[in-house]
Student: 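What follows is a single structure, and I will ask about it in a moment.
Start at 1 with the first residue, then count along the sequence.
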Amino acid sequence: IRPMGTIRSVPHSFKTRNTHKKPAVDLHEILPLDDESRALLEIAKAVRDKAYAKYSGFQVGAALVAASGQVYLGVNIENASYPAGICAERAAICAAISAGETEFTAIAIAGGDEDDTEAQTPCCPCGICRQVLSEFCPPEFPVILADGVYLLGGLLPHAFSL
């Protein structure tokens, strides 16, 4: 045991992203929804009805666009053992990866209580989903929510990387 305040150098092999580079765009800017993003958001809203949200009643749908143009869908699937569930965003990524896709251009996420048929409230991805998205997507990756288009780097400014 070392006294508090002492620092010892520990050899390691992990690398972190260079956070000193100034991004080409303001990652914290929320962009307005355009016709294309609204259309993708409507797909996410439509698929959220298939969510298995037996415990929370909070249904989430995600529509992930691959670089190939294919759209992969995901919904949240809850479990009595809460950590065993999966979020809609990661379900969509799993579907895409299973199909051989690894490059993505956008994701739309719609969520809300079962009674909220319009899904007007923004449903931001959780921390785990943000980190999983950052494995495959650059900081400028668009995350489309009900109130605008966010950039992944603004939602997760210090993504972990090996």
Side-chain angles (χ1 to χ4, degrees), residues 12-53 56 58-79 81-112 119 121-162:
H12 60 80
S13 61
F14 67 87
K15 296 178 179 105
T16 56
R17 292 192 178 142
N18 183 354
T19 58
H20 302 292
K21 276 186 183 177
K22 181 148 176 78
V25 295
D26 178 6
L27 297 176
H28 299 289
E29 183 179 1
I30 302 170
L31 306 169
L33 294 169
D34 59 11
D35 290 341
E36 189 176 9
S37 57
R38 277 192 188 89
L40 193 61
L41 193 57
E42 288 302 316
I43 294 170
K45 285 179 186 179
V47 74
R48 86 180 180 119
D49 290 339
K50 297 185 183 322
Y52 182 77
S56 71
F58 193 85
Q59 298 174 306
V60 182
L64 176 68
V65 183
S68 68
Q70 180 69 37
V71 177
Y72 294 90
L73 306 177
V75 296
N76 60 317
I77 303 167
E78 295 179 351
N79 189 282
S81 172
Y82 280 175
I86 187 168
C87 299
E89 301 89 328
R90 285 183 286 140
I93 289 170
C94 289
I97 298 296
S98 296
E101 303 273 13
T102 57
E103 294 181 23
F104 307 103
T105 60
I107 189 168
I109 306 160
T121 304
C123 182
C124 209
C126 74
I128 295 172
C129 289
R130 295 175 198 199
Q131 181 62 47
V132 170
L133 283 167
S134 77
E135 181 76 16
F136 301 98
C137 308
E140 298 83 16
F141 178 76
V143 178
I144 302 163
L145 306 180
D147 65 341
V149 180
Y150 294 73
L151 300 179
L152 182 59
L155 295 175
L156 185 65
H158 300 288
F160 177 76
S161 175
L162 291 178

Student: Evaluate the side-chain proximity of Val71 to Leu73: yes if any heavy-atom separation is below 4.5 Å, no if none is.
Tutor: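 Contact flag for Leu73/Val71 side chains = yes.
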
Student: State, with a plain yes or no, whether a side-chain heavy atom of Gln131 is found less than 4.5 Å away from one of Leu156.
Tutor: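 Gln131 reaches Leu156 side chain to side chain.
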
Student: Taking everything shown except Asp35 itself, do over 12 heavy atoms lie less than 6.0 Å from its CG?
Tutor: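 Counting other residues, nucleotides and ligands, CG of Asp35 stays at 12 neighbours or fewer.
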
Student: Hey, is the main chain of Phe58 close enough, under 3.5 Å, to the side chain of Asn76 for a donor-acceptor pair?
Tutor: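 Confirmed, Asn76 side chain pairs with Phe58 backbone.
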
Student: Please walk me through it: do Phe141 and Ile107 pass side-chain contact (heavy atoms from CB on, under 4.5 Å)?
Tutor: CA-CA 8 Å; Phe141 178 76; Ile107 189 168; 3.5 Å; yes

Student: Find the distance between CD (Gln59) and CD (Glu78) and round it off to the nearest 0.5 Å.
Tutor: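 Between Gln59 CD and Glu78 CD, I get 9.0 Å after rounding to 0.5 Å.
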
Student: To the nearest 0.5 Å, what is the distance between CG (Asp26) and CG (Leu151)?
Tutor: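 Rounded to the nearest 0.5 Å, the CG-CG separation comes out at 8.0 Å.
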
Student: Starting at NZ of Lys45, measure out to CD of Glu42 and round the result to the nearest 0.5 Å.
Tutor: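 Result: 4.5 Å between the selected atoms.
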
Student: Minimum heavy-atom separation for Cys129 and Arg90, please, with both atom names.
Tutor: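 Closest approach of Cys129 to Arg90, heavy atoms only: SG-NE, 3.4 Å.
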
Student: Where do Val60 and Arg48 come nearest, in terms of heavy atoms and distance?
Tutor: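 Looking at all heavy atoms of both residues, the closest pair is C-CB, 3.6 Å.
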
Student: More than 12 foreign heavy atoms under 6.0 Å from CD of Gln70: is that the case here?
Tutor: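 More than 12 heavy atoms, drawn from other residues, nucleotides or ligands, come within 6.0 Å of this atom.
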
Student: Ile86 and Cys94: which non-hydrogen atoms are nearest, and at how many Å?
Tutor: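 Heavy atoms only, the tightest pair is CD1-SG, 4.2 Å.
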
Student: Between CD of Glu101 and CD of Glu103, what distance do you get to the nearest 0.5 Å?
Tutor: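 Answer rounded to 0.5 Å: 9.0 Å.
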
Student: Does the side chain of Ile109 reach to within under 4.5 Å of the side chain of Pro125, using non-hydrogen atoms?
Tutor: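 Touching, per the 4.5 Å side-chain cut-off.
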
Student: Measure across Pro32 and Val149 and return the closest heavy-atom pair with its distance rounded to 0.1 Å.
Tutor: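 Closest approach of Pro32 to Val149: O-CG2, 4.0 Å.
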
Student: Does the pair Glu89 and Val132 meet the rule for a side-chain contact (heavy atoms from CB on, under 4.5 Å), with working shown?
Tutor: CA-CA 9 Å; Glu89 301 89 328; Val132 170; over 6 Å; no

Student: So, for Cys126 and Cys87, which heavy atoms are closest and what is the spacing to 0.1 Å?
Tutor: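 So the two residues come closest at SG-SG, 3.8 Å.
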
Student: I need the minimum non-hydrogen distance between Ala66 and Phe104, along with the two atoms involved.
Tutor: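 Closest approach of Ala66 to Phe104, heavy atoms only: CA-CD2, 3.8 Å.
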
Student: Side-chain contact, heavy-atom cut-off 4.5 Å: Cys124 with Leu155?
Tutor: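 The answer is yes; the side chains approach within 4.5 Å.
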
Student: Have a look at Ile144 and tell me which of Leu33, Asp34, Val65 forms a side chain to side chain contact (heavy atoms under 4.5 Å, CB included) with it.
Tutor: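 Single pass found, and it is Leu33.
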
Student: Working to the nearest 0.5 Å, report the span between SG of Cys137 and CG of Leu64.
Tutor: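 Spacing of SG (Cys137) from CG (Leu64) equals 7.0 Å.
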
Student: Within the 4.5 Å heavy-atom criterion, are Pro142 and Ser37 side-chain neighbours or not?
Tutor: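 The answer is no, as the side chains (C-beta and beyond) never meet within the 4.5 Å cut-off.
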
Student: Return yes when atom CD1 of Ile97 has more than 12 non-hydrogen atoms of other residues, nucleotides or ligands closer than 6.0 Å, and no otherwise.
Tutor: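 More than 12 within 6.0 Å, yes.
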
